[in-house]
Trainee: 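Sharing a structure with you now.
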Amino acid sequence: MTKLHKSCIAGLTLAVFTVLFPVHAVGIPLISKKPKKDALPARKLTQRQSELIDKSIVREAEVIKNLKDRAPLVETYIQNMKPDVALLQVPESDQHFLGRIDFGKVINHEAYDTPDQTKKSKGKLGFFKNSLSYVSGLSAKLHLRFDEGGIVQMILVDSKDYNRQTYKFSFVRNDFLGSVPTMVFDVEPAGKNKRGRFFGRIWIESRGGNIVRFNGSFAGSEAAYKEYYHFDSWRTNVQENLWLPTSFYMEESDPKSTENTVKFKAINHIWGYVLKVPNSDSENVDVEVQGATDVSQDAQDLGPLGAQRAWVQQAEDNVVERLFQAGLLDAPSPFDKTLEQVAGNILAYNNIQVSRPIRCRTLLTEPLESVAIGNTILISKGLLDTTAIPGNNNEQVSNLYAVVAFQLAHVILSHRLDTKYAFNDRLLFPDSSAFTRIPMHHTDKDNEEAAKKTLELLQPKELQDAQTQFGLFLAQLAIRSKALKALNEPMLGDSLIKDETQGTFWLQALVGKGPKLDMNDLKQSAAMPLSAFTRFDPWTDQVIQLNAPFEPLLSSRDKMPFEVTPVYLKLSYYKPPVDPAAAGAPAGAAAPAADGAAPAAGTAPAPAAPAAGTPAPAADGTTPAAGTTPTTAAPATGTDTTPTPAPPAGGTAPPQ
Amino acid sequence: MTGYASEETQNQRPRLCLSHIAVRAADVTMRRTPSRPRHLLALAAIGFLSLLPASLHAQAKAAGVRSADLQIGAGYVGAQSDYDPQHHFYGPAIYVVYDFRSHWGVDLSFHQVNSSVSKDVTYERSYEIGPRYVRHYGRFNPYGKVMIGRGVFNFPATRDHSVNVANLAYNIFAFGGGADVNVQRHVNVRAEIEMQRWMSFPSSHGTSSLSPVLVTIGAAYHF
């Protein structure tokens with residue numbers, strides 16, 4: 001019996017030791033490990049380098065404070081990739097997250113509700129469908145999945161302990177990112193407990209000691225249980241000496257791939273810094289319209305129809321304003337004028353008059369969707385980017401005609417908003433419920449009618465190219481739509497896809513009108529990668545047209561339609577907005593500075609820019625400025641978008 | 001049913017005497033453990049309490065997480081029972097492990113160990129459930145667990161143990177530890193040792209418990 005108890009104690013002790021002390025920690029020869037060498041080269045920092053690091057620690061605390069106070073939005077779009085013989089790699093599936101930074105002890109994430117999450121199947125089989133989805137949800141738990149809270153960590157080097165005690169720094173070199181001089185350091189955790197600590201490379205700008213870029217990963221991955229991924233995080237100079245996270249790119253290689261393909265890649269955008277904490281200047285701005293005369297005494301009363309229209313307009317304005325407050329719409333941007341001009345052109349070519357002017361705004365999310373809220377047309381950033389085909393034949397404008405025409409058809413057919421939103425109490429809900437509380441998508445019947453009307457609107461000979469070009473776009477989307485379900489799932493409005501299972505579109509009639517899709521034809525571009533045409537200012541939420549040079553396609557692998565691509569911002573320092581009254585002569589104000597600095601945000605487009613910047617009046621018989629996209633005056637936030645004289649079209653290729 | 005003591009059994013090494021077998025109703029409550037098992041409990045408690053997960057000290061949250069882990073497996077058990085120390089017991093085992101956190105989970109086990117003596121009807125069957133703590137080091141996943149459950153003992157009657165006289169159930173608790181090794185994406189191999197304590201088990205050596213030690217080798221499908 002004594003032997004038995006001894007064996008019990010021995011066995012129990014063995015069990016506890018097995019768990020308490022991993023063999024590698026006590027260096028048991030069974031699984032021996034060589035002592036780990038220091039990853040960073042042993043090189044002392046100079047005083048200047050050391051001072052810059054100390055500055056960056058202070059500045060990083062300021063960034064964290066801003067994130068805590070301002071709770072910006074974060075959008076993540078992930079594409080899981082698989083190898084492809086012809087194209088190297090193609091998307092296999094995708095996921096989309098949208099939420100707000102929620103900063104407790106460490107940075108976290110509060111997701112926006114989507115309609116899918118709140119939808120429950122009804123009807124005879126509803127119980128079984130809901131049970132099945134519960135079971136499949138359980139099954140999903142057993143596999144590695146992306147965690148939004150973990151992804152959000154990548155906007156900061158360390159949300160708690162970025163300091164000299166926790167991290168070791170090693171100088172690499174001096175470098176320029178855009179026009180910003182930086183010092184580059186390699187960073188790794190100093191202590192023994194490295195789990196969750198950053199290791200990689202950071203760029204600190206030399207003037208203010210702000211971190212402007214960092215890439216690497218967090219230590220402590222446990223394969224198949226808890227994984228940290230590699231990322232490249234960028235910041236922009238949104239205000240004086242304030243660099244805030246703007247975008248970051250995530251990627252992880254596929255270790256099993258022989259072609260060096262990636263397992264997945266993801267793009268993340270951050271914006272909405274002033275939504276919760278408005279700019280202190282905004283309250284003190286005096287609005288004075290030059291040359292206006294007071295005609296309030298002459299205002300006419302509204303008749304019954306006028307009152308009805310005003311009531312509908314109020315509902316629409318309330319919804320648009322609410323969506324803007326929730327961070328989903330851009331601030332009024334110069335680029336919106338381009339879209340309004342496109343809408344005006346369509347009406348002009350068809351000799352249609354509408355009771356109120358058409359307004360356009362951009363949805364700041366990636367999923368491909370558009371919606372008409374009364375006379376306001378919203379188009380998602382993802383749809384604008386992927387239709388921005390560079391070329392000499394106005395391919396981009398043709399695509400925009402088709403996209404805008406679909407929603408214009410809803411406007412013309414009077415598919416209007418529920419007027420209940422004219423009552424403001426309907427809009428008192430948390431921002432995260434915006435998608436579920438303001439469902440804006442049209443019914444299938446409305447979309448069918450609008451699709452027929454769109455084909456009529458695109459009949460004029462000036463818009464024939466829109467049919468062929470957009471047909472080609474849809475043909476490309478048809479190939480990718482099965483893999484990119486999240487990209488085609490609308491959050492607010494109407495998808496291009498009519499039937500997911502059959503892969504048909506609302507504008508299916510256009511598919512046959514386009515040329516045959518040929519991935520090997522380098523002169524044919526059906527759709528662009530994401531973020532090809534626009535980016536937005538994370539502080540003002542304005543949409544900005546990129547001024548990217550033409551990149552020649554060398555093979556079909558360069559096309560990457562609807563794919564995520566890395567982030568690479570051309571940084572510059574913040575320049576405060578120029579007071580238009582003090583600008584002097586318009587030509588002088590518009591002239592680019594010698595050092596390529598961008599003019600201020602929020603200023604009107606330079607009068608020297610072509611008339612494409614102004615909306616064409618409806619049905620006035622003037623030839624619309626077809627095929628032109630304006631050079632918008634770039635804002636002052638910290639990316640360098642040097643204005644150029646009016647190009648023929650955005651990012652066009654040189655003649656071949 | 002009352003037992004009887006045979007002459008032969010009285011003259012052998014102290015072992016379970018049939019006269020000590022008592023027919024009891026199912027006892028669903030745990031009795032107070034004697035002092036030695038209390039020490040074992042304390043040791044196990046200290047072991048588990050000291051295993052504070054490293055995640056409490058972690059900085060960034062992981063971007064890829066697995067919410068839960070499930071494996072269902074079977075194995076072969078060898079047991080050393082103090083009921084019949086001269087011979088070993090062998091038999092099958094089935095286990096289901098559900099880890100609902102990265103380091104914490106629930107283990108359900110079934111063991112059936114039969115005497116290795118030919119025609120001996122003696123067997124020990126146990127059904128257990130309990131929490132487990134696991135660490136992950138690449139493919140190697142050591143764990144420790146504390147189990148409670150029910151044990152069924154099949155007592156022999158005749159001298160050659162070929163006929164059973166009683167089949168009784170007892171509350172049991174157990175400590176164990178081992179390691180799961182990921183040999184393939186969906187296959188884990190396990191080696192485990194477990195010390196069971198069968199409460200109120202009639203014993204001829206003064207203590208009212210049976211304390212078999214079980215060693216299991218198994219394989220599981222990892223979902």
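No hydrogens, no waters, no symmetry mates; every other heavy atom, side chains included, goes into these values. Sequence lines set the chain letters: A, B, ... in the order given, protein chains first and strands last, and positions in each chain run from 1. Nothing here was measured: the structure is a model prediction, and the numbers come from that model.
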Trainee: Answer yes or no: is there a donor N or O on one side and an acceptor on the other, between the side chain of A:Tyr228 and the main chain of B:Ala60, under 3.5 Å?
Mentor: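 Judged by distance alone, yes, a pair lies under 3.5 Å.
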
Trainee: How long is the gap from OG on B:Ser67 to CG on A:Asp147, to the nearest 0.5 Å?
Mentor: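 Going from the OG atom of B:Ser67 to the CG atom of A:Asp147 covers 8.0 Å.
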
Trainee: Could you pull out all residues at least two apart from B:His111 that satisfy ring pair (Phe, Tyr, Trp, His ring centres under 6.0 Å)?
Mentor: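 Residues passing ring pair (Phe, Tyr, Trp, His ring centres under 6.0 Å) with B:His111: none at all.
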
Trainee: Can you tell which part of B:Asn141 gets under 4.5 Å to a heavy atom of chain A, answering side chain, backbone, both or neither?
Mentor: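 Side chain of B:Asn141 only, per the 4.5 Å heavy-atom cut-off to chain A.
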
Trainee: Could you tell me which residues satisfy salt bridge (Lys or Arg N to Asp or Glu O under 4.0 Å) with A:Lys65, sequence neighbours excluded, listed by chain and number?
Mentor: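 Residues passing salt bridge (Lys or Arg N to Asp or Glu O under 4.0 Å) with A:Lys65: A:Asp69.
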
Trainee: For atom CZ of B:Arg101, is the number of surrounding heavy atoms from other residues, nucleotides or ligands below 6.0 Å larger than 12?
Mentor: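 12 or below, so no.
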
Trainee: If you measure from NZ on B:Lys61 to CE on A:Met154, what distance do you get to the nearest 0.5 Å?
Mentor: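 Separation between the atoms: 12.0 Å.
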
